[in-house]
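Everything on this sheet refers to the single structure shown next.
Note that the structure is a prediction, hence the values are computed from the model and not measured.
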Amino acid sequence: MHLVFEQRVYEQANDAVTKKFGKIFDVTTSIIDDVKQLDLDYCQQILSQAKEETKVIVCVGGDNACQYGKYASKQLGVQWVFVHLLPDSDDVATDYATLWQNGKKTVVEGKAPDVILCDTELACQFVKEDLDTAFAIILQNALFVFDRDFANMVQKQDICEVSNLVAITAVKDGVNIAKKPFSKKN
């Protein structure tokens, strides 16, 4: 197994993840440095640390771990497990990886995770440490559902009253829709 942690989660998540998987497999461990823009060359560098006989990849963290997992699993043709702990990833289940190459954002062929796990206690800890990112991801996705132009306009504002109102309204609407009885008509 090739076990890959984002540096931000390594210290807190290492023991729990290693206990879960380490007894079963021969494990090589790699760490993704705290980089804002994960690039293709860096992914290749981490991938070179995996053993030839790697059968599964386990990635722990957020967006960088997810993008690496999608890329590496496609390259090796193996299954992969994503342990989602950080609130900065919103395209987990896609079959492409968004990486940087020569200073440009690039979409490369990838593979969606075969299994997605979450340690809710650890994830809550990390979300509390980074509430701004967590809120931004929720807001971005909520706004995208309604109107992309409006979303772009709101996200560029320095004040957050409009953002808060939209997010609260979206949550209330979601709760109200969930309360309605299910029928084939709606």
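Taken to the nearest 0.5 Å, the CD atom of E6 stands 7.5 Å off from the CG atom of D34. Taking CZ of R8 as the reference point, atom CG of D33 lies at 12.0 Å (rounded to 0.5 Å). Atom CG of L85 sits about 12.0 Å away from atom SG of C59, to the nearest 0.5 Å.
When all heavy atoms of V27 and L3 are compared, the closest pair comes out as CG1-CB, 3.8 Å. Considering all non-hydrogen atoms of both residues, N64 and L38 come closest at O-CD2, 3.3 Å. Taking every heavy atom of both residues into account, I46 and S30 meet most closely at CG2-CB, 3.9 Å.
Under the side chain to side chain donor-acceptor pair (under 3.5 Å) criterion, the residue pairs touching residues 96-117 are K74-E109, K111-D114, with sequence neighbours excluded.
In this structure, Y71 has no ring-ring contact (aromatic ring centres under 6.0 Å, His included) partners at least two apart in sequence or on a different chain.
When side chains are defined from C-beta on, M1 counts as touching V58, because their heavy atoms get closer than 4.5 Å. At least one side-chain heavy atom of K51 sits less than 4.5 Å from a side-chain heavy atom of D26. At least one side-chain heavy atom of V92 sits less than 4.5 Å from a side-chain heavy atom of H84. Side-chain contact between W80 and V115 is absent, with no heavy atoms from C-beta onward closer than 4.5 Å. Using a 4.5 Å cut-off on side-chain heavy atoms (C-beta onward), V81 and I57 make no contact.
Salt-bridge annotation for K70 and D91: present, with a side-chain N of the basic residue lying under 4.0 Å from a carboxylate O of the acidic one.
Using a distance-only test at 3.5 Å, with no hydrogens or angles considered, a donor-acceptor pair links the side chain of D39 to the main chain of D41.
Cluster membership check: V83 does not share its hydrophobic cluster with I32, using side-chain heavy-atom separations under 4.5 Å among Ile, Leu, Val, Met, Phe, Trp and Tyr.
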